[in-house]
Amino acid sequence: MKPTDFALARRKMVQEQLIARGIKNEKVLKAMRKVPRHLFLEEGFWPQAYGDFPLPISEGQTISQPYIVALMTEALELKGDEKILEIGTGSGYQAAVLSELVERIFSIERISSLATKARRILDELGYANVVIKVSDGTYGWEEEAPFDGIIVTAGGPEVPHVLLQQLKVGGRLVIPVGDEYSQILLRVVKKKKGYKEEDLGGCRFVKLIGDHGWKVEG
Ligand code: SAH
């Protein structure tokens, strides 16, 4: 496939998978027309990179379906000057989409080989406003808190309370919560007093593994 074919595939993806399903935020649509999703995958997956499904990255993990990336990004309601925390760097694709939209992204990945690969491709593409660290993201990133938005791209049994503490008042946390097989995508908005929780629909993610997620498998 030529670079123009990929650009065409991206336009088609945005039209048929995102706009057709109700994604309206122009900035999100523009970012997803721009970020070369295929480069975050092994070359063997490039022909399928813009398909309507998640794909394997390695270490048993997946890059989310484009629609889910768009839905979660839109749910963060970004204006451009935000500081965002991502839990689950994975391939680095979601971080690249965020990089097009906000000032600073802090992203945590628990598997170091994935973090290394993500760093390499983000550097190659010039996404310099993404900082990655390898650790258990269910603890958040205390030194950089508070955040305007937190996006968790792995599914946990519940909302890790530490993450809520690291959110600014008015900040948004987007996270899939449920069991191993299916989850509900939740948006939690921090109010002056308490939280507002919204259900954004069903989804299926790989497990959020950590002290405030699912326990490490033996
Ligand atoms: N956002 C990614 C999708 C990654 S899949 C992308 O755009 O490609 C989910 C990722 O979350 C996996 O890489 C997994 O290793 C990671 N993960 C799971 N539990 C984690 C935790 N407690 N802290 C940090 N990363 C975690």
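We count ligands from 1, going down the list as the structure has it; atoms in each ligand are counted the same way.
Regarding atom 19 (N) of ligand 1, its nearest protein heavy-atom neighbour is I209 N, 2.9 Å. Closest to atom 9 (C) of ligand 1 among all protein heavy atoms lies T153 O, 3.3 Å. The protein heavy-atom contact nearest to atom 8 (O) of ligand 1 is S91 OG, 2.6 Å.
With a heavy-atom cut-off of 4.0 Å, T89 touches ligand 1 through its backbone alone. Contact annotation: for Q61 versus ligand 1, heavy atoms closer than 4.0 Å belong to the side chain alone. Counting heavy atoms under 4.0 Å from ligand 1, residue V206 touches it through the side chain alone. Contacts with ligand 1 closer than 4.0 Å are made by backbone heavy atoms (N, CA, C, O) of K207 only, the side chain lying farther away.
A cation-pi arrangement is absent between K190 and Y195 under the rule of less than 6.0 angstrom and at most 45 degrees off the ring axis.
D148 and K168 are joined by a salt bridge, as a carboxylate oxygen and a charged side-chain nitrogen come within less than 4.0 angstrom of each other. Using a 4.0 Å cut-off between charged nitrogen and carboxylate oxygen, E100 and K34 count as a salt-bridge pair. Here R21 pairs with D52 in a salt bridge; the nearest charged N to carboxylate O distance falls below 4.0 Å. One finds a salt bridge joining E144 and K83 here, because a Lys/Arg side-chain nitrogen approaches an Asp/Glu carboxylate oxygen to under 4.0 Å.
Counted by atom type alone, T73 and Q94 present one or more donor-acceptor pairs between their side chains at under 3.5 Å. No hydrogens or angles considered: a donor-acceptor pair under 3.5 Å links the side chains of N129 and S99. Side-chain contact, E109 with T89: no donor N or O sits under 3.5 Å from an acceptor N or O.
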For side chain to side chain contact (heavy atoms under 4.5 Å, CB included), just list the numbers for Y67 and L18, CA-CA rounded to whole Å, side-chain angles, deciding distance to a tenth of an Å, and then say yes or no.
CA-CA 6 Å; Y67 171 67; L18 312 189; 4.1 Å; yes
Kindly determine whether L85 and I87 satisfy side chain to side chain contact (heavy atoms under 4.5 Å, CB included), including the steps that lead there.
CA-CA 7 Å; L85 174 67; I87 316 294; 3.7 Å; yes
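If you number the atoms of ligand 1 from 1 as listed, the ones under 4.0 Å from a heavy atom of I108 come out as 24 (C), 25 (N). Close approach to I111 involves these atoms of ligand 1, each under 4.0 Å from a residue heavy atom: 15 (O). Listed by number with element, the atoms of ligand 1 under 4.0 Å from a non-hydrogen atom of L114 are 13 (O).
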Sequence neighbours left out, cut at 3.5 Å: what donor-acceptor pairs do the side chains of residues 35-42 make with other protein atoms?
from : atom 1 : to   : atom 2 : distance (Å)
R37  : NE     : A49  : O      : 2.7
R37  : NH1    : S64  : O      : 3.0
R37  : NH2    : S64  : O      : 2.9
H38  : ND1    : Y50  : OH     : 2.7
E42  : OE2    : K117 : NZ     : 3.3

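Selection from E59, R110, R37 by nearest heavy atom to atom 25 (N) of ligand 1 gives R110. The residue from G88, P54, P160, S135 that puts a heavy atom closest to atom 11 (O) of ligand 1 is G88. The option with the heavy atom closest to atom 16 (C) of ligand 1, from among Q94, M72, E109, is E109.
Residue contact check for ligand 1: E86 places a non-hydrogen atom closer than 4.0 Å to it. Not close to ligand 1: A118, with no non-hydrogen atom less than 4.0 angstrom away.
For the pair I87 and ligand 1, the shortest N or O to N or O distance does not fall below 3.5 Å. Remark: ligand 1 and G137 share an N or O pair separated by less than 3.5 Å (distance only, no angle test). Backbone and side-chain nitrogen or oxygen atoms of S64 are examined, and none is located within less than 3.5 angstrom of a nitrogen or oxygen of ligand 1. For a threshold of 3.5 Å applied to N or O pairs, the pair formed by T62 and ligand 1 contains no separation below that value.
Closest approach of E158 and I175 over heavy atoms only: O-CD1, 4.3 Å.
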